[in-house]
Engineer: 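Input: one structure, supplied below.
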Amino acid sequence: MCNAVYKPHHSWIHKVRRIMQPLIFLNSEGLRSNPGLFIGWAILAGVAIQTGLAVASAVRRFFARSRQLTLEQERLHHLVRAAKAELQQAEAGKATWNGYRKFRVDQKVFECDGVYSLYLKPHDGKPLPGFKPGQYLTLGLDIPGRTKQVVKCYSLSDCDAVKDYYRLTIKWEKSPKDKPGIPPGVGSSFLTQKAQVGDLLNVKAPSGHFYLDLAQTTPVVLMGAGVGITPVLTMANAIAASGSKREAWFFFVCRNGEEHILRADIERLRPLENLHVVVCYSRPGPQEIRGRHYDREGRLTPDLLKELLPSNNYSFLMCGSGPFMKDMYEGLIAWGVPDERIHFEAFGPASVKRVSQAKPATTAAPETARATVTFAKSGKTAVWDGSVSNLYELAAAQQVRIDYGCGAGSCGSCAVAVRVGEVVYKDAPGFSVEAGSCLTCVGCPVGNVTLDA
Ligand SMILES: Cc1cc2nc3c(=O)[nH]c(=O)nc-3n(C[C@H](O)[C@H](O)[C@H](O)COP(=O)(O)OP(=O)(O)OC[C@H]3O[C@@H](n4cnc5c(N)ncnc54)[C@H](O)[C@@H]3O)c2cc1C
């Protein structure tokens with residue numbers, strides 16, 4: 001039988017037989033009594049080790065190569081995305097417009113209590129420029145019964161992946177419950193209660209410096225409180241639409257389901273692996289269930305960020321009420337987040353004072369240093385002593401008339417020429433004012449100043 005298997009004229013079988021020989025007698029006396037057998041076994045072990053090492057190294061090389069390929073692929077994807085983002089921004093610049101352009105309200109959608117989304121399409125039917133996620137539109141509202149246009153800013157609430165409309169999501173500023181005598185907000189009342197599908201609105205091109213740079217890949221934390229969700233949701237939507245694998249956290253806080261703005265948009269983000277969604281209800285309703293309607297009970301606080309984020313190594317972008325942003329900002333600074341990695345947008349007068357604005361004790365901050373402000377056209381002079389927060393308020397106290405819009409340095413309505421002196425801002429305003437002018441609603445004098453008002 002054996003002879004039939006080991007045919008001598010098959011030289012390779014012969015070799016195998018010789019190699020296998022030690023195995024055949026491995027457990028027998030032969031191994032000890034036969035040194036040749038031992039050598040055979042050693043050779044076999046050597047060959048096995050050599051082969052194993054060769055295979056392991058080939059597998060290692062294979063995985064290293066495929067890892068390298070994946071990295072190269074990701075780098076290429078990133079380059080393509082960055083180039084696309086740059087191209088879009090360049091296109092946006094080309095197709096933009098000056099002054100007001102007429103837009104038609106194409107759809108008006110109820111979102112939740114007092115909050116509506118307006119879908120705006122250009123009345124001239126021409127293409128829409130793209131925009132940077134986080135930017136806003138300035139509207140010049142012709143409100144019946146008002147002699148002057150009311151100027152208001154609203155953040156774009158969806159990214160520009162959809163090309164033929166702009167979406168705004170607007171909260172109706174009702175009269176305070178405890179002070180029904182106070183009139184509701186002028187602009188938001190008009191847009192949420194009066195404006196209808198088919199109405200034409202005056203719209204300035206998208207602008208603002210609070211945006212997410214899509215060419216970057218640094219991890220980001222996006223935080224929105226109440227209607228402050230609009231710019232940060234646009235940022236999250238833009239990450240999703242670009243197919244970027246950038247790590248992002250999206251936090252949204254509201255009171256409960258009745259104030260859960262743009263729920264469907266938020267839910268669409270959940271399946272994305274790189275985008276973590278956390279919805280906080282500060283006061284959930286009795287029927288609302290954690291895990292189904294919301295993720296966390298309570299306010300969005302720096303402690304919640306510390307609990308959920310693996311580190312503080314993110315860029316933080318937020319929008320919400322003044323107290324919310326102040327708390328978050330101070331908490332992030334205390335957590336060791338560098339000031340330049342914290343970005344925010346106020347929908348009204350600024351509430352956050354950056355640590356980087358702190359001045360040495362010997363030089364008073366411009367907002368508290370005494371100065372004389374002259375309003376040249378009205379022939380009035382006032383002392384700046386830090387008791388008001390900006391030049392617009394100083395002018396108003398002297399009955400000097402200056403146009404007013406957003407109160408946040410975003411719309412440009414309050415711009416006046418500076419004849420003498422220098423005006424500074426606590427934070428770079430969203431509106432780019434022309435050289436020689438200043439935005440009085442956010443500007444403070446540095447030394448004596450003469451304004452053309
Ligand atoms: C860059 C930017 C982006 C923005 N994005 C959005 C957005 O996406 N969505 C959004 O909803 N808003 C947004 N806003 C806010 C928006 O521009 C308006 O400020 C907001 O709609 C309120 O304007 P209003 O004209 O309705 O209220 P205003 O008429 O300015 O009144 C504001 C508040 O003051 C109260 N008030 C009125 N008169 C008195 C009085 N005599 N005494 C005391 N209180 C009084 C009103 O009841 C109201 O609550 C944004 C603002 C900026 C600067």
Side-chain angles (χ1 to χ4, degrees), residues 108-120 131-143 145-146 148-159 166-195 201 203-211 224-235 237 252 254 259 261-262 265 317-322 325 343-351 390 392 396 403-414 425 427-432 439 441-442:
K108 183 175 177 184
V109 175
F110 172 81
E111 297 289 355
C112 59
D113 183 34
V115 179
Y116 292 80
S117 285
L118 300 184
Y119 291 71
L120 307 178
F131 55 88
K132 296 171 182 164
Q135 289 194 307
Y136 58 83
L137 298 180
T138 302
L139 308 188
L141 304 172
D142 299 316
I143 301 180
R146 293 201 166 246
K148 284 192 76 177
Q149 225 175 38
V150 173
V151 180
K152 295 284 162 183
C153 301
Y154 292 96
S155 302
L156 289 143
S157 67
D158 199 0
C159 68
Y166 287 150
R167 185 178 75 182
L168 303 178
T169 302
I170 299 163
K171 180 180 170 209
W172 182 23
E173 293 292 343
K174 300 175 190 170
S175 307
K177 278 198 182 110
D178 54 335
K179 294 179 190 149
I182 289 182
V186 177
S188 60
S189 295
F190 176 72
L191 290 166
T192 59
Q193 308 303 302
K194 296 275 187 304
L201 299 175
V203 179
K204 281 191 186 168
S207 56
H209 300 311
F210 177 69
Y211 60 80
V227 77
I229 187 179
T230 49
V232 287
L233 179 63
T234 302
M235 295 175 191
N237 281 345
F252 171 57
C254 60
E259 298 183 1
I261 301 172
L262 296 162
D265 273 52
L317 295 102
M318 60 176 153
C319 184
S321 68
M325 293 204 291
H343 311 273
F344 44 82
E345 174 133 276
F347 280 179
S351 56
N390 54 59
Y392 177 85
D403 277 348
Y404 189 75
C406 64
S410 305
C411 69
S413 303
C414 66
Y425 307 107
D427 254 314
F431 184 87
S432 302
L439 295 168
C441 79
V442 284

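Counting from 1, the numbers follow the sequence of the chain as shown. Given the structure is predicted, the values throughout are model-derived calculations rather than measurements. Whatever order the structure lists them in is the order used to number ligands and atoms, beginning at 1.
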Engineer: Tell me whether Ser410 contacts the main-chain N or O of Cys406 through its side chain, where contact means a donor paired with an acceptor under 3.5 Å.
Structural biologist: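 It does not hold such a pair.
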Engineer: Are the aromatic rings of Tyr166 and Tyr119 close, with centres under 6.0 Å apart?
Structural biologist: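 Distance test on ring centres: not under 6.0 Å, no.
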Engineer: Run through ligand 1 for me and note each protein residue having a heavy atom under 4.0 Å from it, chain first, then residue number.
Structural biologist: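 Lining ligand 1 at under 4.0 Å, by heavy atoms, one finds Tyr136, Lys152, Cys153, Tyr154, Ser155, Thr169, Ile170, Lys171, Glu173, Lys174, Ile182, Pro183, Pro184, Gly185, Val186, Gly187, Ser188, Val227, Thr230, Glu345, Ala346, Phe347, Cys406, Ala408, Ser410.
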Engineer: Run the ring-ring contact (aromatic ring centres under 6.0 Å, His included) test against Phe431 and tell me which residues pass, sequence neighbours left out.
Structural biologist: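 Here no residue qualifies.
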Engineer: Identify which one of Cys153, Cys411, Pro206, Ser157 satisfies the side-chain contact (heavy atoms from CB on, under 4.5 Å) criterion when paired with Tyr136.
Structural biologist: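 Result: among Cys153, Cys411, Pro206, Ser157, Cys153 is the only option passing the side-chain contact (heavy atoms from CB on, under 4.5 Å) with Tyr136.
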Engineer: Between Tyr392 and Tyr404, is the ring centre distance below 6.0 Å?
Structural biologist: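 Ring-ring flag for Tyr392/Tyr404: true, centres closer than 6.0 Å.
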Engineer: Leu139 and Leu191: side chain to side chain contact (heavy atoms under 4.5 Å, CB included), yes or no, with the steps?
Structural biologist: CA-CA 10 Å; Leu139 308 188; Leu191 290 166; 3.8 Å; yes
